[in-house]
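Written out below as structure tokens is the structure these notes cover.
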Amino acid sequence: MLTFHALGPFQACHGDAVLDLGGQRQMAVLARLLVAGGRAVPVSTLIDELWPGEPPTQALSTIQGYVSRLRRALEPGRAPREEAEVLVSAPPGYALRASTGQVDAWRFESAVKTEGTPAEMWERLDAALALWRGPALAEFSDLPWAVTEAGRLEELRLIAVERRADAGLVLGHSGALVPDLEAHASAHPLREEAWRLLALALYRNGRQGDALGALRRARTMLRDELGLDLSATLQRLESDMLAQAVHLDPPAGAVTARPAEPAPPRAAAADEQAPALPGVRIVIVDDQALVRTGLRVVLDSEPGFELVGEAENGEQAITVVRETSPDLVLMDIQMPRLDGLTAARRILADDAPPKVIMMTTFGTDDNLYAALRAGVSGFVLKTSAPEQLITAIRAAQAGDALIDPAVTTRLIAAFAGHANPAAPPRLAGLGDADLDLMKLVARGLTNRQIAATLSVSERSVSQSVVKLLDHLGLFDRAQLVVVAYESGLVNPGDMGR
């Protein structure tokens with residue numbers, strides 16, 4: 001069966017075979033018709049939206065050529081004069097004729113918008129969320145229509161996460177849901193529904209103090225970011241928790257998970273997505289005592305974090321790191337005597353270096369780009385919420401998806417053409433499989449997402465990434481992203497080609 005995939009790397013497949021859809025612009029024609037949901041798109045609209053601002057002189061004939069080649073790819077058995085059945089002419093333009101079951105984005109949207117019993121919602125949304133293999137339509141991030149549609153699909157994804165969790169709470173899966181909801185609320189701290197679900201899951205899992213703590217975090221976040229208090233719904237939930245209202249109790253027959261007990265099935269699945277990580281030994285480096293104090297408070301509040309040393313400047317940092325051998329260093333990028341960037345380079349040049357996260361106040365592109373080249377594992381603003389700092393530390397510790405792809409793309413775009421003169425022609429000797437892997441890493445996909453895309457094991461992807469780093473003389477995934485851009489393998493606005 002012919003299928004189309006937009007929830008991750010854009011593809012069309014006949015069964016298990018991935019079709020060759022041609023270059024970026026040709027693929028964009030098919031993607032735009034997919035986004036139209038089966039409705040006809042006029043040729044004039046295709047031209048305006050595929051070449052915003054300055055369409056080429058032969059745009060019409062170019063579009064016709066794209067359509068002709070796409071038809072051959074989608075219906076290879078069609079006779080030359082036989083009418084197309086998939087990418088059809090629909091004056092004054094074209095349309096994609098496919099069923100909902102053939103297009104992952106259409107299937108996903110249908111699942112999110114269909115009502116049902118809690119058990120039906122749980123099963124259906126679980127399957128719907130599994131359709132996501134990465135960011136939607138990321139290959140076309142330079143085209144406004146694709147950005148708009150990707151944002152719409154992402155909002156539907158967040159709604160699906162929350163509706164699935166709501167159904168799970170009714171079914172008594174509170175313990176299994178806590179890790180997923182913690183990550184969801186931390187990643188989207190302004191979504192009040194995320195905090196409501198997290199607090200209720202914690203409460204029903206016998207963690208009343210943590211539940212109230214989640215609501216306090218939500219209140220702080222909303223006040224700091226928006227100047228608002230909790231909504232009436234969250235305020236009522238807080239009052240009911242303090243009063244231990246009966247209606248908040250777990251459903252009859254539900255089993256709450258305790259830390260010392262074996263995790264239920266869903267928790268095991270969550271563990272596969274985010275494996276339990278060992279304790280993290282951390283060194284803080286900042287010339288401001290107030291900043292170091294604030295960071296100590298944040299680290300003390302998170303189980304598994306151990307502060308093993310502090311430093312006021314880059315020179316002290318190098319000494320402290322060599323004495324304590326931490327897992328991770330939180331380093332201010334600008335300090336007296338020896339700045340954080342220079343210190344980071346020296347620390348990362350040691351054998352078995354720790355991960356380094358740079359802390360910045362303004363995040364100037366020059367410094368951040370230099371830090372990327374040096375091999376740091378990410379950036380956080382000093383004004384970031386505690387949840388964002390913790391998320392950054394956990395991401396660096398896991399060694400996967402260390403830097404927001406949007407940040408990387410912006411930095412690389414700003415410095416396109418300023419390739420590092422010390423960088424060798426690194427791609428020589430790499431095979432097609434290695435180059436494809438580099439493209440996926442540069443797009444910001446995690447090892448799990450790459451494994452799903454390539455239909456291989458996550459362990460195989462991890463080993464391949466390590467081999468790539470060794471071959472290129474690198475030691476960090478972030479450096480691999482930079483090399484992919486600097487070598488011309490991936491270009492700003494042309495991701496995934």
Side-chain angles (χ1 to χ4, degrees), residues 1-51 55-56 58-111 128 131-143 145-146 149-150 152-153 432 436 439-440 443 452-455 494-497:
M1 183 176 72
L2 180 63
T3 56
F4 302 90
H5 307 276
L7 304 180
F10 187 77
Q11 295 175 338
C13 302
H14 268 303
D16 294 331
V18 178
L19 303 181
D20 182 1
L21 299 177
Q24 188 81 1
R25 200 69 64 180
Q26 183 169 299
M27 281 199 300
V29 172
L30 182 59
R32 179 63 184 86
L33 296 176
L34 183 151
V35 167
R39 297 181 297 276
V41 180
V43 172
S44 59
T45 300
L46 287 173
I47 292 173
D48 290 341
E49 294 189 345
L50 263 62
W51 292 281
Q58 303 298 322
L60 176 57
S61 60
T62 300
I63 289 287
Q64 292 170 339
Y66 287 162
V67 170
S68 177
R69 289 190 288 274
L70 285 169
R71 283 172 170 169
R72 287 199 296 271
L74 297 174
E75 299 180 78
R78 183 174 60 88
R81 296 185 180 278
E82 187 179 350
E83 188 173 346
E85 296 181 358
V86 180
L87 205 168
V88 302
S89 296
Y94 302 97
L96 177 65
R97 294 286 182 257
S99 67
T100 300
Q102 289 178 272
V103 183
D104 61 355
W106 298 0
R107 288 168 56 197
F108 176 75
E109 183 168 357
S110 175
L131 294 173
W132 284 77
R133 301 166 298 121
L137 301 171
E139 294 91 338
F140 317 109
S141 59
D142 60 329
L143 300 173
W145 59 266
E149 177 65 7
R152 189 184 73 86
L153 289 171
D432 290 341
D436 288 341
K439 290 179 184 178
L440 295 173
R443 287 188 52 234
T453 301
L454 300 178
S455 299
D494 191 29
M495 297 177 69
R497 185 168 183 173

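Hydrogens, waters and symmetry mates are skipped; everything else that's a heavy atom, side chains included, is used. Positions are given from 1 along the sequence.
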Taking only residues two or more places apart in sequence or in another chain, which ones pass salt bridge (charged side-chain N to carboxylate O under 4.0 Å, His left out) with E109? K113, R152

How about M27 and F140: do any of their side-chain heavy atoms sit closer than 4.5 Å? yes

Heavy-atom pair with the smallest gap, counting every atom of V88 and R71: C-NH2, 3.5 Å

Closest non-hydrogen atoms of L153 and F108, given as atom of the first, atom of the second and distance, are O-CE2, 4.2 Å

Minimum heavy-atom separation for A111 and A128, please, with both atom names. CB-CB, 3.7 Å

Side chain of R97, backbone of G38: donor and acceptor closer than 3.5 Å? yes

CD/E83: more than 12 non-hydrogen atoms of other groups inside 6.0 Å: no

Closest non-hydrogen atom pair between L21 and A12, with its separation: CD1-N, 3.8 Å

Is there a donor-acceptor contact under 3.5 Å from the side chain of H14 to the main chain of E75? no

Less than 4.5 Å apart, side chain to side chain, heavy atoms only: is that true for T3 and V103? no

Within this structure, what is the CG-CZ distance for the pair D20 and R72, rounded to the nearest 0.5 Å? 11.5 Å

State the CG-CG distance between L7 and D104, to the nearest 0.5 angstrom. 4.0 Å

Non-hydrogen atoms of A59 and P55 that approach each other most closely: CB-CB, 4.3 Å

Does any non-hydrogen side-chain atom of E49 lie less than 4.5 Å from one of L143? no

Sub-4.5 Å side-chain heavy-atom contact between Y94 and L46: yes

Here the gap from L50 atom CG to I63 atom CD1, rounded to the nearest 0.5 Å, amounts to 5.0 Å

Between E139 (side chain only) and F10 (backbone N and O only), is there a donor and an acceptor less than 3.5 Å apart? yes

Hey, does T45 have a side-chain heavy atom less than 4.5 Å from the side chain of R32? yes

Working to the nearest 0.5 Å, report the span between CZ of R133 and NE2 of H5. 6.0 Å

Residues passing the salt bridge (charged side-chain N to carboxylate O under 4.0 Å, His left out) test with R107, sequence neighbours excluded, are none

Would W106 and F4 count as a ring-ring contact (aromatic ring centres under 6.0 Å, His included) if you check the C-alpha gap in whole Å, the side-chain angles of each, and the deciding distance to 0.1 Å? CA-CA 10 Å; W106 298 0; F4 302 90; 7.9 Å; no

Distance, nearest 0.5 Å, that separates CG of L34 from CG of L137: 7.5 Å

Find the distance between CG (L30) and CG (L19) and round it off to the nearest 0.5 Å. 9.5 Å

Are any of the side-chain heavy atoms of M1 and Q102 separated by less than 4.5 Å? yes

Side chain proximity check, V41 to W145, heavy atoms < 4.5 angstrom: no

